[in-house]
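Quick notes on the structure that follows.
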Amino acid sequence: MIQKVRGFQDIYGENAKKYRYIVETVRNIFNLYSFQEIILPYVEDISLFKRSVGEETDIVQKEMYTFKDRGGRDLALRPEGTASCVRAYIEEKMYAQGSYHKLFYEGAMFRYERPQAGRYRQFHQIGAEIFGVSSVYADAELIQMVDKIVKTLNIQARLEINTLGDFNSRKLYSQALRDYFSQYKDKLCETCLKRLDTNPLRILDCKVESCKEISKEAPVITDYISKESKDRFNELLDILSKLGVNYRVNPGLVRGLDYYTETVFEFITDKIGAQGTVAAGGRYDNLVEQLGGPPTPALGFAAGIERLMLLISQLEKKDILITIIPINSDYILKGLELSKFLRDSEIKSEFMLKTGSLKSMMKTADKFRTDFVIFVSDKLELKDMKSGEQLIFYSEEDLIDHIKGEKAV
RNA sequence: GAGGAUGUAGCUCAGUCGGCAGAGCACAAGGUUGUGGCCCUUGGGGUCGCGGGUUCAAGUCCCGUCAUCCUCCCCA
């Protein structure tokens with residue numbers, strides 16, 4: 001049997017409903033905050049991700065799905081959305097329209113990782129970006145919006161927040177850490193040795209005792225962050241409090257992508273195993289320029305739809321279902337005609353396609369969790385599946401009038 | 001990329017020392033020839049993940065492989 005590819009999944013049934021529910025809910029919130037949708041390609045030039053996400057990051061080094069197309073172009077399935085969004089912002093010359101831009105996107109991302117609960121090779125994100133605003137109020141508005149999403153979906157997650165300082169501060173601090181930890185190469189764990197090259201900030205996060213010990217004496221980020229950045233961060237925290245957003249400052253919070261500056265944040269849950277980050281983002285003030293656009297401050301976030309799905313409870317059944325059952329084969333066509341009539345009257349209905357004994361059709365209807373059954377014979381009998389009561393009608397019009405009356409109540 | 005656990009009916013899972021492939025639920029038919037849920041009876045269902053090996057004999061032992069789950073890692 002041919003099976004689905006490792007790390008890929010079929011989303012169907014209740015899960016498909018959850019997926020759509022999340023996307024609809026989040027899109028609705030984006031609309032409330034006046035973000036505009038951008039539908040981006042799934043395939044981009046490899047160098048876009050090398051130059052934005054970072055040449056040395058795990059995502060670029062070992063997790064991208066890359067291939068050559070027939071024209072010999074080096075391409076990649078997108079591992080994240082921000083890079084494409086920035087590329088489009090520059091390529092479509094949105095900056096030329098002046099003011100600022102608020103965009104959102106949604107769709108599949110691809111990373112070749114070891115699958116795990118809440119981690120797939122094809123996964124889905126929904127995210128938003130703001131281009132052209134350096135004001136701290138943009139950070140506050142964005143984070144408050146994500147907070148609203150989390151609250152609207154009724155998800156238990158805490159907000160952790162930190163600042164990395166401006167681009168230069170971050171670079172200087174990384175170098176300082178690299179210099180410091182290089183003295184202890186023989187004492188660092190294997191993964192931290194790699195982090196020395198890739199992302200020295202992550203060493204501070206290591207759980208190995210010996211690494212923790214060395215980290216204690218390591219340079220502290222506050223010494224490398226400008227007063228402006230610190231003030232900015234404190235102002236953001238103050239605004240968040242006033243907006244009613246709860247947070248926890250985590251000085252160890254570092255994002256894995258190279259482009260972040262200043263504000264970084266994650267919404268984290270401990271209810272779905274090790275992959276607890278449900279939504280995350282931050283500011284990336286240098287990325288647009290770095291990719292060939294005009295200097296443009298920017299920020300954004302993305303949420304993992306599969307992880308949100310793991311956190312939302314069973315959806316409530318909203319609409320009522322009516323199943324039409326012809327009592328024998330003589331009335332099938334009449335039943336189908338009735339179904340058409342109901343649907344033309346905007347009434348949701350299921351026409352019983354399974355043939356067999358009335359008993360087996362009733363069992364099937366029950367499995368569909370139908371609310372009402374209409375038995376079709378020379379008359380029409382409406383049965384309430386909860387109470388078992390039946391009403392007899394002799395014309396389709398009378399029946400529909402009755403149903404519409406019921407729905408109005 | 002590293003470590004660990006698991007894989008038997010549609011689902012959840014038993015299967016002892018290597019000796020005829022099992023249960024519950026689900027499904028089908030009937031009890032009630034025009035009515036679901038509860039109950040009773042009967043029935044249909046199997047590439048024991050896949051491929052090798054050992055053996056008179058393998059779901060069971062050995063090797064490989066694939067997949068799922070968990071941890072590390074990474075990240076949404």
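In what follows, chains are A, B, ... by sequence order, proteins preceding strands, each numbered from 1.
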- Query: Which residue pairs pass the side-chain hydrogen bond (donor to acceptor under 3.5 Å, both in side chains) test when at least one of the two sits in residues 135-144 of chain A, sequence neighbours left out?
  - Reply: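 Listed by first then second residue: Y33(A)-Q144(A), D139(A)-R232(A), D139(A)-T263(A), D139(A)-R283(A).
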Name the pairing partner of [N], where a pair is Watson-Crick or G-U wobble with both distances under 3.5 Å, or state none.
N      : value
U42(B) : A28(B)
U35(B) : none
U68(B) : A5(B)
G22(B) : C13(B)
U60(B) : none

When rounded to the nearest Å, what value does the distance between [atom1] atoms of [N] and [M] take?
N      : M      : atom1 : value
C17(B) : G24(B) : C1'   : 28 Å
C74(B) : G18(B) : C1'   : 45 Å
A21(B) : G34(B) : P     : 43 Å
C40(B) : G4(B)  : P     : 47 Å
A14(B) : G49(B) : P     : 13 Å
G10(B) : C48(B) : P     : 12 Å
G51(B) : U8(B)  : P     : 15 Å
G19(B) : U55(B) : C1'   : 12 Å

- Query: Does the ring center of F104(A) lie less than 6.0 Å from the ring center of F35(A)?
  - Reply: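 No.
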Can you tell me how far apart [atom1] ([X]) and [atom2] ([Y]) are? Round to the nearest 0.5 Å.
X       : Y       : atom1 : atom2 : value
F375(A) : L380(A) : CZ    : CG    : 12.0 Å
I46(A)  : L77(A)  : CD1   : CG    : 10.0 Å
L196(A) : I203(A) : CG    : CD1   : 5.0 Å

At a cut-off of 3.5 Å, list every protein nitrogen or oxygen paired with a nitrogen or oxygen from nucleotides 8-12 of chain B, distance to 0.1 Å.
none

- If a protein heavy atom is under 4.0 Å from the base, mark B; if only from the sugar-phosphate, S; if neither, -; do that for nucleotides 69-76 of chain B going 5' to 3'. SSBBBBBB
- Task: Mark up nucleotides 29-42 of chain B, 5' to 3', with B wherever a protein heavy atom is under 4.0 angstrom from a base atom, S wherever such an atom reaches only the sugar-phosphate, and - elsewhere.
- Result: S-B--BBBB-----
- Task: Show your working on side chain to side chain contact (heavy atoms under 4.5 Å, CB included) between E80(A) and R111(A) and close with a plain yes or no.
- Result: CA-CA 9 Å; E80(A) 61 112 43; R111(A) 290 182 203 172; 3.7 Å; yes
- Query: Is the shortest side-chain N to carboxylate O distance from R20(A) to E24(A) below 4.0 Å?
  - Reply: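 Looking at E24(A) together with R20(A), the answer is no, because their closest N to O distance does not fall below 4.0 Å.
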Sequence neighbours excluded and cut-off under 3.5 Å, please list the side-chain donor-acceptor pairs for residues 265-282 of chain A, or say none.
{"from": "E266(A)", "atom 1": "OE1", "to": "T277(A)", "atom 2": "OG1", "distance (Å)": "2.9"}
{"from": "E266(A)", "atom 1": "OE2", "to": "R255(A)", "atom 2": "NE", "distance (Å)": "3.2"}
{"from": "T269(A)", "atom 1": "OG1", "to": "Q156(A)", "atom 2": "O", "distance (Å)": "3.0"}
{"from": "T269(A)", "atom 1": "OG1", "to": "K271(A)", "atom 2": "N", "distance (Å)": "3.2"}

- Item | Parallel, tilted or perpendicular, as decided by the 30° and 60° cut-offs, for the rings of Y89(A) and F131(A) |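 F131(A) and Y89(A): parallel rings.
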- Answer whether the closest heavy-atom distance between the side chains of V53(A) and M64(A) falls below 4.5 Å.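 Contact flag for V53(A)/M64(A) side chains = no.
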- Task: Would you check if P297(A) and V133(A) make a side-chain contact, meaning some heavy-atom pair closer than 4.5 Å?
- Result: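 Of all side-chain heavy-atom pairs linking V133(A) with P297(A), none is under 4.5 Å.
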Report, one line per pair, each donor and acceptor closer than 3.5 Å where one atom sits in a side chain of residues 321-339 of chain A; sequence neighbours left out.
{"from": "T323(A)", "atom 1": "OG1", "to": "T370(A)", "atom 2": "OG1", "distance (Å)": "2.7"}
{"from": "N328(A)", "atom 1": "OD1", "to": "D330(A)", "atom 2": "N", "distance (Å)": "2.8"}
{"from": "K334(A)", "atom 1": "NZ", "to": "S377(A)", "atom 2": "O", "distance (Å)": "2.7"}
{"from": "S339(A)", "atom 1": "OG", "to": "G335(A)", "atom 2": "O", "distance (Å)": "2.9"}

